[in-house]
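If you're wondering where the values come from, they're calculated on a predicted model, not measured in any experiment.
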Protein chains: 2
Amino acid sequence: MDEVLWAAWMYYEQGQKQEFIADQLGISRASVFNLLQKARDERVVNISIDPTRMSQAVLSNRIKDLYSIDTCYVLPLSTSGDPVHDQIGRLGARVLEQLLRPGDTIGVAWGRTVLAMSQHLQNLNLPNVTIAQVTGSSAATFAFSPPLCTSNIAERLNARCVNLHAPGIVSSPDVKKIFMAEPSIRTHFALLSQCTKLLFGVTPIVGRTLLVEGEFMTEEELQSYRDLGAVGFASGYFYDRAGQIVRTEFDNRHITMPLEELRQVPERICVGGGPGKAESIRAMLRAKLATILVTDDRTAMELVSEGG
Amino acid sequence: MDEVLWAAWMYYEQGQKQEFIADQLGISRASVFNLLQKARDERVVNISIDPTRMSQAVLSNRIKDLYSIDTCYVLPLSTSGDPVHDQIGRLGARVLEQLLRPGDTIGVAWGRTVLAMSQHLQNLNLPNVTIAQVTGSSAATFAFSPPLCTSNIAERLNARCVNLHAPGIVSSPDVKKIFMAEPSIRTHFALLSQCTKLLFGVTPIVGRTLLVEGEFMTEEELQSYRDLGAVGFASGYFYDRAGQIVRTEFDNRHITMPLEELRQVPERICVGGGPGKAESIRAMLRAKLATILVTDDRTAMELVSEGG
DNA sequence: GATTTTCATTGACATGTGCCAGCACGAGTT
DNA sequence: AACTCGTGCTGGCACATGTCAATGAAAATC
């Protein structure tokens, strides 16, 4: 344990060669390499890119102006092995790390990218940070479910984790009302209304979607939104191409942060990108759900080009 | 500029090889190397070690308990080319980066180690941080003078820099009184009393010292402190082996933060180490000038061993 | 106590990186 | 136009790093 630290210090801060360190510690150079590997794995060393730079590129600024958001971070997407949502999660992690302040309360939705992001966060240790689940859980348990996204992020940030102990969807509007009147649920929503930051993904609603596959809703329920012109879903709400929120009776059974309160949150970070998501993201931006966007360069190109 | 960013991202976040990046960008591998170099120089990438680990070692905890301070960071000192104060400055930089909070006001003294520290700070960008000079300047201009230490740190942290526009030593107590009554000086000292953190070095007062060489005081003035049993100087005050503050008429001509206010600052970080400093540091700790100590392992050993 | 499993450690080889001298090109100078 | 200077890019070599199968010591199992 201590050896990892010493090796890391000598290598990364003092710029010593592995061989020198091996001599000092009386072990083989290969072992020094292993110690350094461990140091990286256990995040004893932080190697990270200043995310503000990612928002200074030309593309970022055009998007920022075009959609009147506060900041846009654009990732240079490479043909590496990692899937797109993983790479975006990585940049999202850097962004959150930079934006995080002591005393923050962060509302977290769910999704593949949000989970990926949680996995790439460094272990930070700012005082008095709270991570709160924005949406109730779905019936099925899958890797990127709301409680998992929330608790993963809280763990990495050494923050208080507040899960929402309620289903995401209930059977009738009346049941929702009953739930919402419960003291423990009321407390949770009171906390949510205090959020200083919000974190969510986007999903288009064409073809097979996570919404249906995650047993969050049925194909029929989803279709009813499509019929009303919805093109995407983010932070708990559906919206159409023009950025208008689309509602059906489903909303009355959905236990999630109210739209008015959501829009009050000063910093609302949306992480999302990859092929086929551009249209959905464009509409989401028009709906003013996000103030900060983290995406990839391909999607960013689409966002500025077909100004449709 | 953009290329630096892309290369850095692909290399450090995606783990691509330089050759691959060279292909992508259509340049030679050597150029990619140069871009990465630039990225490191310009601090587009941050490579740093989590300093909390440095305070979890056995040695750190013994010092912490022995001298009743809040935290002690211990550096594994190697026989590398870098001088000791430079290495300690490096660790000090990591510590400050971790402790820094939005809205902080940081009082900065001066010294070789404090300057070294400023040079190793990353470019951070927390809102509303102020760096204030604790002591007036000396007549001679040397590299680690109070205004330089202050402004270097402020620059790196993108913080407001407030220099103290007054000499460190004046010719008589009356002149000090006149200075202290000046509105601009009063404003400065009002700011200092609001400090949330303090940063200073230590110097032993045997042999040729910076105090005399920096033309801060004369050899005779220094000797008068030695005669009264002083063994060190830190954050503007002399103290003896038992940790008692030692005063001479010199104090009445010294323009610096008052002792009572200094001890009110919640986090007082002392950076210092290297051969011959242990005794001075021990006495400084007894004088309760610091709450946080950053030092090297050799000095740390001395601090716990000869419990004199 | 013998046998198997696990795991950290290592030497040696394969690969990636750092460095430097030399080249090409544009800007400023005569 | 010729010259000089400065800057940025590149090829190729020396060296540093990453990888992996083999080794041996400790722990677990029988």
Separation between OG of Ser118(B) and CD of Glu155(B), rounded to the nearest 0.5 Å: 9.0 Å
Greater than 12 external heavy atoms within 6.0 Å of Arg62(A)'s CZ: no
Ser28(B), nearest nucleotide to its side chain (from dA16(D), dG18(C), dC9(D)): dC9(D)
Atom pair distance, as rounded to whole Å: NZ in Lys38(B) and P in dG8(D): 6 Å
Comparing Leu36(B) and Ser31(A) on DNA chain C - which has the more 5′ nearest nucleotide: Ser31(A)
Closest listed nucleotide, where the reference is the side chain of Tyr11(A) and the choices are dG18(C), dT17(D), dT10(D): dT17(D)
From OG1 (Thr299(B)) to CG (Leu75(B)), nearest 0.5 Å: 9.5 Å
Separation of atom CE in Met10(A) from atom C1' in dT17(D), rounded to whole Å: 18 Å
Whole angstrom value for the distance that separates P of dT17(C) from CZ of Phe33(B): 10 Å
Between P of dG18(D) and NZ of Lys17(B), the distance in whole Å: 10 Å
Whole angstrom value for the distance that separates P of dG18(C) from CD of Glu19(B): 14 Å
Atom-to-atom span, CZ of Arg29(A) to P of dA16(D) - whole angstrom: 10 Å
Side chain of Asn34(B) (C-beta onward), nearest among dT17(C), dT10(D), dT17(D): dT10(D)
Salt-bridge contact Arg282(A)-Glu302(A) (side-chain N to carboxylate O under 4.0 Å): no
Spacing of Gln16(B) atom CD relative to dG16(C) atom P, expressed in whole Å: 12 Å
From dT17(D), dG16(C), dG18(D), nucleotide with atom closest to Arg40(A) side chain: dG18(D)
Euclidean distance, Leu303(B) CG relative to Cys72(B) SG, rounded to 0.5 Å: 7.5 Å
Side-chain N,O (Gln37(A)) to OP1/OP2 (dT17(D)) below 4.0 Å: no
Which nucleotide in dC9(D), dG18(D), dG16(C) has an atom nearest any side-chain atom of Gln18(A): dG18(D)
Length of the line joining Tyr12(B):OH and dG16(C):C1', which is rounded to integer Å: 13 Å
